[in-house]
> 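Just passing along the structure, written as structure tokens.
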Amino acid sequence: MPPCSTKCGKNAILKRPKTGDVLCKECFFEAFENEIHFTITRAKLFKPNSKVAIAASGGKDSTVLAYVLKLLNQKYDYKLDLTLLSIDEGITGYRDDSLETVKQNRDDYEMPLKIMSYKDLYGWTMDEIVAEIGRKNNCTFCGVFRRQALDRGAVLLKVDYLATGHNADDIAETVLMNILRGDLARLSRCSAIITDSGDGIPRVKPLKYTYEKEIVMYAYFRKLVYFSTECVFAPNAYRGHARVLLKDLEKIDPSVIMNIIQSGESLKINESANMPTLRKCTRCGYVSSQEVCKACVLLEGLNKGLPKLGIGKSSKVKKFIQEKNCKTDCLCNNK
């Protein structure tokens, strides 16, 4: 092997996909961790003496995030109180196994763990939802419920920040997805390193500029325990198409990931564009851009035997809710 690019005197054992540098294991660890520290400090992700919930799935991203945050917290004295927050979607053969990895992370990193389940929150597991709607639109349900479950967990834990393991590849994929869908509202937020769901608890992405390949390399060389099996329902997700496109582009030019992220950051919305405003859902009280939030709409469909109610055009949903409200008012007036 060639000598380490840092001229530390050791032989290199890897080539960084992000920079092309050939590094020994110790120099790679230092470069990887310092870049995340730089991201955290430059973006001012955390204030000292804050409580931070780490969204933990047991996968490589959240495992590396938990490990590195604990390490940097001690090394640079961030003064953060770290805790793990995990969501049990109720997917047999996937989430039940990955939760065991999360519990191992809890023990290894000496962090408290809170697990929120779809069954307790919504009365449905993902297995039950897929049995009802099939595999075509199941990721819509899971994505909506998971986002709200994390918000609920963060509120319950009374944390100041919710840290997620979104890496550079994830964000580039999301930018591509929103461009392909023409989703202006999400396109303006997906590349932000700090987002506010409207509940006063910011979501932060310390791994925003970290390549997925380097996260895998770091976990491997650090011998971290993580769960690597893909969700059994994931092959049907729309995101998969954006991922394939991104990987094909990355083969041509590795810098394409960062270029897409920078493009997303540079996009500005025309002042005349009609953007949604955040409000409180009239049913559950959580933040929504509509009168009734997406989670409540999806639950309404599931509970009424109309599982595709929240899929597709929002005009159909509004019509259904208006008709239901009219029937309720009529019944009340006739009493």
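In this text the structure is predicted, and so the values were computed from the model without any measurement.
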> Say whether Tyr118 and Glu128, considering side chains only, have a donor N or O and an acceptor N or O under 3.5 Å apart.
no
> Which residue pairs pass the ring-ring contact (aromatic ring centres under 6.0 Å, His included) test when at least one of the two sits in residues 47-67, sequence neighbours left out?
Tyr67-Tyr109
> Using the test salt bridge (charged side-chain N to carboxylate O under 4.0 Å, His left out), find all partners of Glu35 that sit at least two apart in sequence or belong to another chain.
Arg16, Lys18
> Please list all pairs passing the ring-ring contact (aromatic ring centres under 6.0 Å, His included) test where one or both residues lie in residues 289-310, with sequence neighbours left out.
none
> Check the pair Asp127, Thr125 against side chain to side chain donor-acceptor pair (under 3.5 Å), reporting the backbone distance first and the verdict last.
CA-CA 5 Å; Asp127 285 343; Thr125 67; 5.1 Å; no
> Is it true that Leu14 and Phe32 fall in one hydrophobic cluster, defined by side-chain heavy atoms closer than 4.5 Å?
yes
> Tell me, please, which residues at least two apart from Lys79 pass salt bridge (charged side-chain N to carboxylate O under 4.0 Å, His left out).
Asp77
> Going by the side chain to side chain donor-acceptor pair (under 3.5 Å) test, name the single residue among Thr164, Asp169, Asp170 that passes it with His166.
Thr164
> For Thr83 and Pro112, indicate whether the former's side chain and the latter's backbone hold a donor-acceptor pair under 3.5 Å.
yes
> Hey, is the main chain of Leu299 close enough, under 3.5 Å, to the side chain of Asn303 for a donor-acceptor pair?
yes
> Would the Tyr218 and Phe29 ring centres measure less than 6.0 Å apart?
yes
> Minimum heavy-atom separation for Ala149 to Leu121, with atom names?
CB-CD1, 3.6 Å
> Which residues end up grouped with Val22 if you chain together Ile, Leu, Val, Met, Phe, Trp and Tyr wherever their side-chain heavy atoms are less than 4.5 Å apart?
none
> Identify, with sequence neighbours excluded, every residue that meets salt bridge (charged side-chain N to carboxylate O under 4.0 Å, His left out) alongside Glu26.
Lys10
> Quick one: does NZ or CZ of Arg203 land under 6.0 Å from the six-membered ring centre of Tyr161, within 45 degrees of the ring axis?
no
> Please say yes or no: joined through hydrophobic side-chain contacts below 4.5 Å, possibly via intermediate residues, are Val216 and Ile36 part of one cluster?
no
> Does Tyr220 have any side-chain contact (heavy atoms from CB on, under 4.5 Å) partners at least two apart in sequence or in another chain, and if so, which?
none
> In terms of side-chain heavy atoms, does Asp253 have a donor or acceptor partner in Ser255 at a distance below 3.5 Å?
yes
> Checking Glu30 now: which residues fulfil side-chain contact (heavy atoms from CB on, under 4.5 Å) with it, not counting sequence neighbours?
Asn34
> Any link between Leu65 and Val225 through a network of hydrophobic side chains (Ile, Leu, Val, Met, Phe, Trp, Tyr) touching at under 4.5 Å?
no
> Could you tell me which residues satisfy side-chain contact (heavy atoms from CB on, under 4.5 Å) with Asp248, sequence neighbours excluded, listed by chain and number?
Val244, Lys251
> Would you mind checking if Glu265 and Lys208 are paired as a salt bridge, meaning a charged N to carboxylate O distance below 4.0 Å?
yes
> Does Tyr122 reach the side chain of Gln148, with side-chain heavy atoms less than 4.5 Å apart?
yes
> Within the structure provided, determine whether Leu71 and Arg222 are in side-chain contact (heavy-atom separation under 4.5 Å).
yes
> Under a 4.5 Å side-chain heavy-atom rule over Ile, Leu, Val, Met, Phe, Trp and Tyr, are Ile171 and Phe38 clustered together?
no
> Only counting residues at least two apart or in another chain, list the ones meeting ring pair (Phe, Tyr, Trp, His ring centres under 6.0 Å) with Tyr78.
His37
> Considering residues, nucleotides and ligands other than Lys15, do more than 12 of their heavy atoms fall under 6.0 Å from its NZ?
no
> Would you kindly confirm whether Val159 and Tyr286 end up in one hydrophobic cluster when ILVMFWY residues are joined by side chain heavy atoms under 4.5 Å apart?
no
> Which residues pass the ring pair (Phe, Tyr, Trp, His ring centres under 6.0 Å) test with Tyr226, sequence neighbours left out?
none
> Assess the residue pair Val102 and Leu113 against the criterion (side-chain contact (heavy atoms from CB on, under 4.5 Å)); give the C-alpha distance rounded to whole Å, side-chain angles, the decisive distance to 0.1 Å, and a yes or no.
CA-CA 8 Å; Val102 175; Leu113 167 64; 3.6 Å; yes
> Give a yes or no on whether a salt bridge exists between Arg279 and Glu291, defined as a side-chain N under 4.0 angstrom from a carboxylate O.
no
> Show me the donor-acceptor pairs, under 3.5 Å and distance only, between side chains in residues 42-51 and residues at least two apart or in other chains.
from  : atom 1 : to     : atom 2 : distance (Å)
Ser50 : OG     : Lys47  : O      : 2.6
Lys51 : NZ     : Leu157 : O      : 3.1

> Does the side chain of Asn167 come under 3.5 Å of the side chain of Thr210 through a donor N or O and an acceptor N or O?
no
